[in-house]
Amino acid sequence: MKKILAVLSSFVMLLAVSCDENKQEHKGNTSVNQSSENTSAENGTSKTTESKAPEEIVFKEYKKEDFTDFKVSLTKQEGLPPVEVKEYDLTKLTADIKISPCKLPENIDISMIDTQYKDTARSLDMTPEEYSDMVMKNFEEYLSTPPKLKVTKTAFDGENLYYIADYDNLCDYSTHGFGIYCYNPESDENTCIYEYSDINKPVKILDMQYHNGGIWIIYNDNMEKSYGYEKIIRIDVDTGELTEELQIEGEHYNCFFYINDEKRLIITTTKSETIDEEYHVTINFKEYDDNTGEWSDKLKGLTKEYDSITSENSIYPTICEGDVIFQSNEDKKLVIECERYRLETGLRSASFIGATSTRASFIVADSISSVIYTYDFTNMTRYIIDLTSFGQYFNYQQSGNNIILSNRVVRNRSWYLIPEIGAVFELMKSNEKQSNSVYDINSDHSITNIYGGKIALVSVGKEPTVRTYTGAPEDYIPKPEYHDLYDANYMEKMVIIGGL
């Protein structure tokens with residue numbers, strides 16, 4: 001199942017760039033290590049000197065005019081990027097799928113099944129009796145048969161892939177049964193760590209994330225309310241023990257984990273309203289403290305207050321490498337600020353991709369063009385990369401100093417971009433046989449999971465499952481003209497990118 005592709009580019013320029021970036025990223029750590037292991041040559045002893053205290057952060061301010069623009073030509077490269085890349089085939093991955101309690105005979109009144117669709121029987125050249133027998137036989141077979149694998153959420157801990165397998169192929173928008181599985185691609189071991197089954201309490205799972213030895217899930221068990229009654233639970237990955245952590249109430253929508261970061265566990269809720277004929281969006285945060293086991297309404301490292309986001313101006317925080325970075329629009333131009341620096345980009349209608357201590361990247365895109373701007377604080381250069389000829393409608397993910405592009409049109413295709421030289425490497429290509437049906441279960445592109453300095457891209461296939469029975473009321477199964485309400489979502493491939 002495993003195919004490992006650990007490559008070093010033979011392209012000298014790319015290798016040199018990779019090495020230079022690595023030196024820049026680890027320069028501080030190297031000096032500390034050397035300091036701690038220096039020995040005294042004068043007295044001949046091996047006494048270790050004490051490490052120096054961390055250097056005080058000096059706040060810097062940057063403007064667009066401080067940078068020299070450098071337009072970079074985009075070039076597609078053969079092979080894989082100059083970082084460690086491992087690829088795994090997931091097409092044969094299976095789970096121990098159970099039958100959902102909503103399909104058990106004791107929970108369904110089969111006498112309610114209407115088998116008297118005379119027009120359908122006539123179109124199938126059947127007598128009403130033959131048609132009735134066929135409907136009952138197909139329906140009973142459907143109830144007694146576990147569904148195919150349907151993956152709904154994934155998470156990643158740097159080594160293992162966690163995924164939710166939905167057992168319920170009868171009910172829409174919620175589930176009466178599911179299992180959480182842990183798959184290790186190196187050993188090919190696939191283990192169920194937790195299962196849920198309750199006929200009286202269907203749940204809708206909104207989000208899942210791994211953090212500090214546990215799988216954290218946001219879900220809703222109030223089917224009358226789509227949002228406003230979310231609950232958060234933690235499931236220990238070693239013991240399967242479930243802990244109820246938090247219940248979120250109030251007027252809001254769109255509750256989910258804010259970032260995928262091993263250092264922080266943050267959830268966010270969003271509320272929209274019109275005030276004085278102006279559209280306002282308010283984002284509220286809660287952050288979990290691993291030391292106290294409590295949730296706080298304020299982000300750690302928050303250096304300024306923020307209120308609401310409007311169409312004219314916005315100030316709101318994002319997280320990069322564990323640090324809080326504020327985005328705001330000043331005179332309709334994007335500005336970012338953190339405890340290390342403030343950057344006035346001079347860009348209108350820009351979206352923030354991500355940042356490190358040495359650079360920040362943004363995308364300006366519309367229906368005609370897509371351009372990436374990367375500001376390098378080490379050489380004060382702004383790299384401008386025009387993606388228009390390469391394609392449009394990407395999702396973007398910071399990968400160290402480089403960027404991962406995931407195409408939202410040609411689905412399950414991802415590339416690795418080195419901004420300063422415009423080199424693009426293909427990471428994932430859609431299965432041609434499934435190119436019209438593959439999609440991302442969380443949005444509409446490959447699933448991205450980040451943890452421990454690694455990024456895991458997971459491509460997902462969608463296999464329509466035709467329901468061959470007909471004639472039942474909508475409460476149980478679709479009418480004859482609807483046969484594709486249930487899809488089996490299987491994972492095709494996982495690519496882990498390391499060395500960030």
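Residue indices begin at 1 and follow the sequence shown.
A 4.5 Å side-chain heavy-atom check between Ile384 and Asp386 finds every atom pair outside the cut-off. Here the side chains of Arg234 and Ile215 are not in contact, with every heavy-atom distance at 4.5 Å or above. Ile403 places a side-chain heavy atom less than 4.5 Å from the side chain of Thr374. Counting heavy atoms from C-beta on, the side chains of Ile455 and Ile496 never come closer than 4.5 Å. Proximity of Leu265 to Asn212: side-chain heavy atoms (C-beta onward) are nowhere separated by under 4.5 Å. For the pair Ile363 and Phe352, the minimum side-chain heavy-atom distance is 4.5 Å or more. Put simply, the side chain of Val203 reaches to within 4.5 Å of the side chain of Tyr219, judged on heavy atoms. Residues Thr243 and Ile235 fail the side-chain proximity criterion, which asks for heavy atoms closer than 4.5 Å.
Using a 4.0 Å cut-off between charged nitrogen and carboxylate oxygen, Lys204 and Glu230 do not count as a salt-bridge pair. With salt bridges taken as basic N to acidic carboxylate O contacts below 4.0 Å, none links Glu84 and Lys454. With respect to the salt-bridge test (charged N to carboxylate O, under 4.0 angstrom), the residues Asp89 and Lys493 do not qualify. Taking a cutoff of 4.0 Å between a charged side-chain nitrogen and a carboxylate oxygen, Glu195 and Lys98 qualify as a salt bridge.
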Before giving the answer on side-chain contact (heavy atoms from CB on, under 4.5 Å), spell out for Ile232 and Ile217 the whole-Å C-alpha distance, their side-chain angles and the decisive distance to 0.1 Å.
-> CA-CA 6 Å; Ile232 300 178; Ile217 292 177; over 6 Å; no

Begin from the C-alpha positions of Leu457 and Ile404 and carry the test side-chain contact (heavy atoms from CB on, under 4.5 Å) through to its verdict.
-> CA-CA 10 Å; Leu457 299 175; Ile404 292 176; 4.3 Å; yes

Trp415 and Phe425: side-chain contact (heavy atoms from CB on, under 4.5 Å), yes or no, with the steps?
-> CA-CA 5 Å; Trp415 294 269; Phe425 301 83; over 6 Å; no

Please walk me through it: do Asp207 and Lys153 pass salt bridge (Lys or Arg N to Asp or Glu O under 4.0 Å)?
-> CA-CA 7 Å; Asp207 205 358; Lys153 297 293 178 185; 5.2 Å; no

Apply the test side chain to side chain donor-acceptor pair (under 3.5 Å) to residues Asp290 and His211: give CA-CA distance (whole Å), side-chain angles for both, the deciding distance (0.1 Å), then the verdict.
-> CA-CA 10 Å; Asp290 289 304; His211 177 76; 3.0 Å; yes

Might you work through the side-chain contact (heavy atoms from CB on, under 4.5 Å) test for Leu90 and Leu161, ending with a clear yes or no?
-> CA-CA 11 Å; Leu90 304 181; Leu161 177 69; 4.2 Å; yes

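Across Ser351 and Leu334, no two heavy atoms sit closer than the pair C-CD2, 4.5 Å. Tyr416 and Ser399 make their closest contact through CE1-OG, 3.6 Å (heavy atoms, listed as atom of the first residue, atom of the second, distance). Scanning both residues, Pro419 and Asn402, for their nearest heavy atoms gives CD-OD1, 3.4 Å. Between Ile199 and Cys102 the shortest heavy-atom distance is CD1-CA, 3.5 Å. Closest heavy-atom contact between Tyr396 and Leu405: CD2-CD2, 3.4 Å. Nearest heavy atom pair, residue Ser144 against residue Ile99, reads O-CD1, 3.3 Å.
Counting heavy-atom neighbours within 6.0 Å of Gln247 CD, excluding the residue itself, gives a total above 12. Environment of CD in Glu189: sparse, with no more than 12 heavy atoms of neighbouring residues, nucleotides or ligands closer than 6.0 Å.
Atoms CG and CG, on Asn160 and Asn184 in that order, are 4.5 Å from each other to the nearest 0.5 Å. Atom CG of Asp166 sits about 10.0 Å away from atom CG of Leu149, to the nearest 0.5 Å. Separation of atoms OG1 (Thr175) and CG (Asp168) is listed at 4.5 Å; rounding is to 0.5 Å. In this structure, CD1 on Ile180 lies 5.5 Å from CD1 on Ile193, to the nearest 0.5 angstrom. Here Glu141 contributes atom CD and Lys137 contributes atom NZ; the two are 7.5 Å apart, rounded to the nearest 0.5 Å. Taking CG of Leu93 as the reference point, atom CG of Asn190 lies at 4.5 Å (rounded to 0.5 Å).
Between Tyr183 and Asp188, the side chains place a donor N or O and an acceptor N or O closer than 3.5 Å (distance only, hydrogens not considered). No side-chain N or O of Glu241 forms a donor-acceptor pair with one of Tyr194 less than 3.5 Å apart. Under the 3.5 Å distance criterion, with hydrogens and angles disregarded, no donor-acceptor pair is assigned to the side chains of Asn200 and His176. One side chain, Thr75 or Gln77, offers a donor N or O that lies under 3.5 Å from an acceptor on the other.
Checked by atom type and distance alone, the side chain of Trp295 never pairs as donor or acceptor with a backbone atom of Asp289 at under 3.5 Å. Side chain of Asp376 to backbone of Arg359: no donor-acceptor contact under 3.5 angstrom is found. Side chain of Asn107 to backbone of Pro101: a donor-acceptor contact under 3.5 angstrom is found. In this structure, Asn401 contributes its side chain and Thr358 its backbone to no donor-acceptor pair below 3.5 Å.
For the pair Lys103 and Tyr142, the cation-pi test (distance below 6.0 Å, angle within 45°) is passed.
When the ring pair (Phe, Tyr, Trp, His ring centres under 6.0 Å) test is applied to Tyr181, the partners found at least two apart in sequence or on another chain are Tyr163. For the ring pair (Phe, Tyr, Trp, His ring centres under 6.0 Å) test, residues two or more places apart in sequence or in another chain that qualify with Tyr196 are Phe178.
You'll find the ring centres of Tyr210 and Tyr162 inside the 6.0 Å limit.
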